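All figures in this text were calculated on a predicted structure; none of them were measured in a lab. Remember, it's 1-based here, ligands and their atoms both numbered in the order they're listed. Only this structure's heavy atoms are used, side chains among them; waters, hydrogens and symmetry mates stay out.
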Amino acid sequence: MGGSLLEDHPCLNLDSLNEQGDSPTVGLTHRYQDKALFLATDTCPVYCRFCTRSYAVGSDTEQVAKVAFRVNYDRWRAAFAYVTSREEIEDIVVSGGDAYNLRPSQIEAIGRTLLEIPHVRRIRFATKGLAIMPQKILSDPAWVDAVTTVSEYARSQHKDVAIHTHFNHPAEATWITARALGELHERGIVVRNQAVLQRGVNDDPLTMIRLVRRLGYINVHPYYVYACDMVNGVEDLRTNLSTALRIEKYVRGSTAGFNTPTFVCDLPGGGGKRDAHSYEYYNQDTGIAVYAAPSVRNGEFFLYFDPLHSLSKDVRDRWKHPQERDIMIDEALAEAAARSSDL
Ligand SMILES: *Cc1c(COP(=O)(O)O)cnc(C)c1O
Ligand code: SF4
């Protein structure tokens, strides 16, 4: 069961970000006003234990019942029809699954179809591939040409296409990576990075500073660092929120401001990504952080929970009792409400 080295937090559930709750068509999540997430496929070149989409991605890897988002043109057409019908959608994240696993013809079809929708101004193709298999950029010209074609078509339309990738550690960027990213840079393809903060992997200031600087050297913009999502069986990899805040303090100021990532927390329950610092209330003893997301779901509070292993023994014991849980959560919500009366 997903390598559960430490017990899951009691407030954790599959599809922790409520992506399915925000899905008007299968595999399309429309949570924010002007942007949508399109899950084109459900396979990746690697499977990350901490994957947010473990409810869907890698349906071939576990016995848990998952939602299948295989490449399916009828499903794609339904998603494109929805995007066409909603003029407020300007920005599409094509994810999954992983754009590395899309054929060149599929990259072009998705790119052209979306860019031809007048109100769609931006597309990002998400792939971890650059971080774990940069050789493909140097050995699969058809795939690189397809991305280049879409990028150039977008530019001719004064629209924007980028690749969003996923480096977590400076050691992932090798000389082959540098060559691959150099190739994309020469073609004018913008690449941004979304890292995940992981205990024992990159949860110290020096490693994160090195990651950010090295990304800068290979022309990848360090866009986000995520507090690890609350998914099953990854408690050993999660850090508490205060660790994220502490590391951010060191990273900011260590290099160009435009190459400095925003540390975010993707709120369980569908509040979207928030600057990790922007909580209404954070109790470091109980490990409960309360956020508001007025532009996503106004008037609601969203909770993020530090992993139990980062809390004191007394508090860990309190989390075992449902009544104590409610007391701790009610306290946090009341404090948040008292502090954010202007919302
Ligand atoms: C992350 C995400 C986006 C894109 O958000 P940005 O903050 O602009 O990167 C859009 N839709 C969903 C559902 C997302 O999870
Ligand atoms: S590459 Fe991304 S989508 Fe695929 S398993 Fe890892 S985190 Fe999930």
Side-chain angles (χ1 to χ4, degrees), residues 2-3 14-25 27-62 66-67 69 79 82-83 86 88-102 120-133 160 162-168 172 190 192-198 201 221-229 231-234 237 261-276 278 293 295-297 302:
L14 207 65
D15 187 14
S16 67
L17 304 181
N18 192 33
E19 290 190 340
Q20 293 182 76
D22 284 337
S23 291
T25 73
L28 188 90
T29 301
H30 185 194
R31 163 167 309 145
Y32 301 92
Q33 167 81 5
D34 74 346
K35 52 195 174 187
L37 170 70
F38 172 47
L39 306 182
T41 174
D42 71 351
T43 61
C44 290
V46 290
Y47 290 119
C48 311
R49 276 176 56 206
F50 51 81
C51 180
T52 308
R53 305 209 173 89
S54 30
Y55 69 87
V57 168
S59 51
D60 49 342
T61 60
E62 273 192 81
K66 294 193 179 194
V67 188
F69 294 136
Y82 176 82
V83 173
R86 300 296 292 256
E88 72 271 28
I89 300 180
E90 299 182 351
D91 186 333
I92 310 285
V93 181
V94 180
S95 185
D98 195 299
Y100 247 41
N101 286 7
L102 294 171
V120 172
R121 294 162 186 272
R122 292 178 294 278
I123 309 178
R124 331 165 195 182
F125 286 100
T127 174
K128 191 176 168 70
L130 300 177
I132 47 106
M133 206 204 294
D160 176 43
I163 293 182
H164 278 209
T165 193
H166 181 184
F167 289 88
N168 293 313
E172 287 177 302
V190 173
R192 305 190 188 100
N193 190 63
Q194 307 190 177
V196 176
L197 189 63
Q198 292 158 74
V201 176
H221 286 156
Y223 173 42
Y224 281 153
V225 175
Y226 288 86
C228 195
D229 285 328
V231 298
N232 280 302
V234 299
L237 285 178
T262 306
F263 283 60
V264 293
C265 184
D266 206 344
L267 296 176
K273 299 168 192 58
R274 307 306 298 180
D275 182 332
S278 69
S295 57
V296 181
R297 296 225 307 249
F302 297 88

| query | Could a heavy atom of R124 be found less than 4.0 Å from some atom of ligand 1? | reply | yes
| query | Has ligand 1 got any nitrogen or oxygen that is less than 3.5 angstrom from a nitrogen or oxygen of D91? | reply | no
| query | Does the side-chain contact (heavy atoms from CB on, under 4.5 Å) test come out yes or no for E88 and D34, once each step is laid out? | reply | CA-CA 5 Å; E88 72 271 28; D34 74 346; 5.5 Å; no
| query | Which heavy atom of the protein is the closest neighbour of atom 5 (O) of ligand 1, given with residue, atom name and distance? | reply | K35 NZ, 3.5 Å
| message | Can a donor-acceptor pair be found, under 3.5 Å and without considering hydrogens, that links the side chain of R274 to the backbone of L267? | response | no
| message | According to ring-ring contact (aromatic ring centres under 6.0 Å, His included), who are the partners of Y100, at least two apart in sequence or on a separate chain? | response | W143
| field | 4.0 Å heavy-atom contact, V196 with ligand 2 | value | no
| Minimum heavy-atom distance V196-H166, with the two atoms named | CG2-NE2, 3.8 Å
| request: Within a distance under 4.0 Å of any heavy atom of K273, pick out the atoms of ligand 1 and give their elements. | output: 1 (C), 2 (C), 3 (C), 5 (O), 7 (O), 14 (C), 15 (O)
| Contact atoms of ligand 1, heavy-atom distance to Y223 under 4.0 Å | 6 (P), 7 (O), 8 (O), 9 (O)
| F167: partners by ring-ring contact (aromatic ring centres under 6.0 Å, His included), with sequence neighbours left out | none
| query | Which ligand 2 atoms, with their elements, are less than 4.0 angstrom from a heavy-atom of K128? | reply | 1 (S)
| Quick check: does any side chain N or O of D22 sit under 3.5 Å from a backbone N or O of T29, one acting as donor and the other as acceptor? | no
| message | Using a 3.5 Å distance criterion without hydrogens, assess whether the side chain of D98 forms a donor-acceptor pair with backbone atoms of K128. | response | yes
| field | Heavy-atom nearest neighbour in the protein, as seen from atom 7 (O) of ligand 1, with distance rounded to 0.1 Å | value | Y224 OH, 2.6 Å
| atom 6 (Fe) of ligand 2 contact by C48, N, O or S atom under 2.8 Å | yes
| task | Flag C44 as yes if one of its N/O/S atoms falls below 2.8 Å of atom 4 (Fe) of ligand 2, otherwise no. | result | yes
| query | Where the side chain of N193 meets the backbone of Y223, is there a donor-acceptor pair that is under 3.5 Å apart? | reply | no
| What is the closest protein heavy atom to atom 13 (C) of ligand 1, and at what distance does it sit? | T29 CG2, 3.6 Å
| said: If the cut-off is 4.0 Å to any non-hydrogen atom of Y32, which atoms of ligand 1 fall inside it? | reply: 2 (C), 3 (C), 10 (C), 11 (N), 12 (C), 14 (C)
